[in-house]
Amino acid sequence: MYNTYVVVGTQWGDEGKGKVIDVLSPKLDYVVRFQGGNNAGHTVVMNNDKFILQLLPSGIINSKGKCIIGAGVVVDIDVLLKEIDQLEKRGKNLDNLFIDERAHIIMPYHIEIDKAKEESLGENKIGTTQRGIGPCYVDKISRSGIRIGDLLDLNIFRERLTITLKEKNDILRRYNKNEFNLEELFNKYSILSEKIKNRIIDATAEINYAIEDNKTVLFEGAQALMLDIDYGTYPYVTSSSPTAGGSTVGTGVSPKKINKILGIMKAYTTRVGEGPFPTEQENEIGDLLRNIGHEFGSNTGRPRRCGWLDLVIGKYATMINGLTDIVLTKLDVLDSFDKIKVAVGYKIDNKVYTTYPSSIKDFKNVEIIYKEFDGWKQDISNIKNYNDLPRNCKQYIEFIQEYLNCPISMISVGPDRTQNIYLKEI
Ligand code: GDP
Ligand code: IMO
Ligand code: MG
């Protein structure tokens, strides 16, 4: 059996993936990001020291193994260099960081097109992070993209840029935005290429050999199922596949080689940006969750929308990812609540849905079926053993586990890497 682990978000992101991956990272030979870009914000907290990673794999803080930005990721090189610089200033050695030559580059025009498109959509905007993610993936799929590996031969880079820039400037002109100059961009990237060329490798081959060699490899998902381009709340989604399936496409590793699939699930739900959110609490409950859970975007600082745990989405996530384990996070945030609710179904036009439908046209017609639990009203953030948890808390956990028919292997009860309860070896 291979020692491979996929870690994915099961809701709308920010479930605590960064923390969990950091906790697992000392045992890993490879941590590989497989999709998304610097729209992610993955937080690692160690001895009150906080690191927010946008592009770098979350193993970068505590793993002795290699950290790889995989083929399916889109890379803003300015952001990458800034992150590397910031971590080096904090005393980290980043000689173990590599990028697959197949990863696409987020160019400055992608960022401007992202912003211009959002602006022109007005109240129909997606609420993107404005990091150029969507336009970069558009170019990749439409075969107009530029890949990291193209920087290794500046003649190829120039050719790719010349072909694509004309089209990008046409788009920017239509939005009444400034155009980009070929020479200026070429010169900028000629300099940038020197700074990263030692990190550019054929990671796809290396990861596959490492797996065959029984090395421990973790595939790090950014975002989450409900932001997935196919299975999320389209069009209010990101432009990649943050599901377990995406991990194989985004790294060139066969599904045959994936062993465990860990779904990170927050004990309640949050969402940043626009789009449907059935269990959202736009009331004092939502405010409490936001304040106690510090639910403000790690990337953009935007307040996160908050609501109850939704097991309709939980079932959908378990099914689509084929989860082998669940890691339940931020359970401590519920410590002070008298009553805690969990959605177990949506009733739409007299039909009950227990997994997420492809679209919900009119939310006024949706009745959420909740199951209510008594709170435990006790601080659990220092508990290390499952048996020491309050009875009501265990009931909440056991209900989730049974309802989803998937073991909860680990529970996170605080932001620090030491605040965990293990139920089962991962
Ligand atoms: P990610 O995008 O999935 O990596 O999650 P983020 O880092 O964006 O957001 C999770 C936030 O919750 C961060 O501020 C973490 O430090 C914090 N966090 C993670 N796990 C826990 C937990 O179990 N309890 C509490 N209170 N905070 C947590
Ligand atoms: P992590 O990895 C939460 C959301 C944006 C927006 C939508 C599309 O930290 O969980 P994009 O810039 O990707 O085109 O924006 O997706 N979004 C996230 N929300 N956590 C994230 O990442 C997100 N990455 C993108 O807010 O609604
Ligand atoms: Mg995040």
Side-chain angles (χ1 to χ4, degrees), residues 7-23 33 35-46 48-55 57-58 73-74 76 106 110-111 113-115 117-118 125-138 220-229 232-240 242 263-277 289 291-302 304-305 327-335 379-381 383 410-421:
V7 172
V8 286
T10 60
Q11 294 153 322
W12 276 284
D14 307 324
E15 296 89 351
K17 299 177 290 292
K19 173 195 158 162
V20 174
I21 293 164
D22 171 61
V23 169
R33 272 275 310 259
Q35 45 66 238
N38 59 311
N39 46 350
H42 297 171
T43 315
V44 171
V45 181
M46 187 168 77
N48 290 324
D49 234 2
K50 189 166 169 176
F51 300 86
I52 296 176
L53 306 162
Q54 298 190 358
L55 204 46
S58 301
V73 177
V74 286
D76 181 325
I106 299 181
H110 291 134
I111 301 171
I113 293 171
D114 193 357
K115 289 180 184 163
K117 188 170 175 198
E118 283 285 275
K125 70 176 196 284
I126 306 296
T128 74
T129 57
Q130 307 202 347
R131 303 295 204 260
I133 306 294
C136 182
Y137 277 116
V138 166
E220 170 174 356
Q223 291 84 48
L225 169 65
M226 298 309 281
L227 291 168
D228 181 274
I229 187 74
T233 43
Y234 194 87
Y236 299 98
V237 292
T238 191
S239 300
S240 65
I264 315 300
M265 190 174 291
K266 204 182 296 205
Y268 51 96
T269 311
T270 62
R271 167 161 213 173
V272 208
E274 311 302 319
F277 180 175
L289 289 169
N291 291 331
I292 302 172
H294 304 293
E295 295 295 356
F296 295 88
S298 11
N299 191 321
T300 56
R302 291 179 287 177
R304 294 175 182 149
R305 299 158 62 191
V327 178
L328 190 66
T329 61
K330 303 193 84 160
L331 189 59
D332 55 298
V333 174
L334 300 179
D335 282 353
D379 177 1
I380 61 165
S381 62
I383 292 181
M410 175 180 160
I411 298 168
S412 170
V413 291
D416 194 85
R417 62 202 309 274
T418 57
Q419 291 175 289
N420 309 304
I421 298 170

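In listed order, ligands and their atoms are each counted from 1. The model shown is predicted, which means the values in this text are computed figures rather than measured ones. Throughout, residue positions are numbered sequentially from 1 according to the sequence presented.
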Side-chain donor-acceptor pair present, Asp22, Ser58, cut-off under 3.5 Å: no
Within-cut-off N or O pair, Ala222 and ligand 2, under 3.5 Å: no
Residues Thr269 and Arg304: side-chain donor-acceptor under 3.5 angstrom: no
Protein heavy-atom partner closest to atom 18 (C) of ligand 2 - residue, atom, separation in Å: Leu227 CD1, 3.6 Å
Gln223 (side chain) donor-acceptor with Gly13 (main chain) under 3.5 angstrom: no
Whether Ala224 lies under 4.0 Å from ligand 2, heavy atom: no
Qualifying residue, where the test is side-chain contact (heavy atoms from CB on, under 4.5 Å) with Ile380 and the options are Leu334, Ile421, Leu331, Ile411: Leu331
Nearest non-hydrogen protein atom, atom 15 (O) of ligand 2: Thr128 CA, 3.3 Å
Taking atom 23 (C) of ligand 2 as the reference point, the nearest protein heavy atom with its distance: Gln223 CG, 3.6 Å
CA sep, side-chain torsions, deciding dist, call: Glu15, Met265, side chain to side chain contact (heavy atoms under 4.5 Å, CB included): CA-CA 6 Å; Glu15 296 89 351; Met265 190 174 291; 5.9 Å; no
side-chain hydrogen bond (donor to acceptor under 3.5 Å, both in side chains) between Asn299 and Thr129, worked out: CA-CA 8 Å; Asn299 191 321; Thr129 57; 5.6 Å; no
Positive for side chain to side chain donor-acceptor pair (under 3.5 Å) with Glu220, one of Arg33, His42, Lys17: His42
Backbone of Trp12 reached by a side-chain donor or acceptor of Lys266 within 3.5 Å: no
Ser412 and Lys330: side chain donor to acceptor below 3.5 Å: no
Degrees at the Mg ion (ligand 3) between the O atom of Gly41 and the OD1 atom of Asp14, nearest 10°: 170°
Part of Val237 within contact of ligand 2 (heavy atoms, under 4.0 Å): backbone
Element-labelled atoms of ligand 2 that are located less than 4.0 Å from some non-hydrogen atom of Gly13: 10 (O), 20 (N)
Contact summary for Thr10 and Ala224, nearest pair of heavy atoms: N-CB, 4.1 Å
Non-hydrogen atom of Arg131 closer than 4.0 Å to ligand 2: no
Proximity of Arg271 to ligand 2 by residue part, where a heavy atom lies under 4.0 Å: neither
Tyr268-Glu295 side chain donor-acceptor pair, cut-off 3.5 Å: yes
Contact check, side chains of Tyr236 and Arg271, non-hydrogen atoms, under 4.5 Å: yes
Protein residue, atom and distance nearest to atom 5 (C) of ligand 2, heavy-atom basis: Gly127 O, 3.6 Å
Thr329 side-chain N/O to Gly16 backbone N/O, donor-acceptor pair under 3.5 Å: no
Protein residue, atom and distance nearest to atom 27 (O) of ligand 2, heavy-atom basis: Val272 O, 3.1 Å
Closest protein heavy atom (residue, atom, distance) for atom 20 (N) of ligand 2: Asp14 OD1, 3.2 Å
Closest heavy-atom pair and its distance - Val45, Pro415: CB-O, 3.6 Å
Check: Thr300/Arg131 side-chain N/O donor and acceptor closer than 3.5 Å: no
Closest approach of any protein heavy atom to atom 13 (O) of ligand 2, naming residue and atom: Thr238 OG1, 2.6 Å
Residues in the immediate environment of ligand 1 (any heavy atom closer than 4.0 angstrom): Asp14, Glu15, Gly16, Lys17, Gly18, Lys19, Gly41, His42, Thr43, Val45, Ser298, Arg304, Lys330, Asp332, Val333, Ser412, Val413, Gly414, Pro415
Ligand 2-proximal atoms of Lys17, by part, heavy-atom distance under 4.0 Å: side chain
Within-cut-off N or O pair, Glu15 and ligand 2, under 3.5 Å: no
Short N or O distance, Arg302 and ligand 2, threshold 3.5 Å exclusive: yes
Contact check: His42 vs ligand 2, nitrogen or oxygen atoms, below 3.5 angstrom: yes
Check: Thr129 N/O within less than 3.5 Å of ligand 2 N/O: yes
Ligand 2 versus Trp12: contacting region, heavy-atom distance under 4.0 Å: backbone
Polar contact flag, side-chain donor to acceptor under 3.5 angstrom, Thr238-Asn39: yes
Ile383 CD1 to Asn420 CG distance, which is reported to the nearest 0.5 Å: 13.0 Å
Gly41 N/O to ligand 2 N/O under 3.5 Å: yes
Ligand-side contact atoms (ligand 2) for residue partner Gly273, heavy atom cut-off under 4.0 Å: 27 (O)
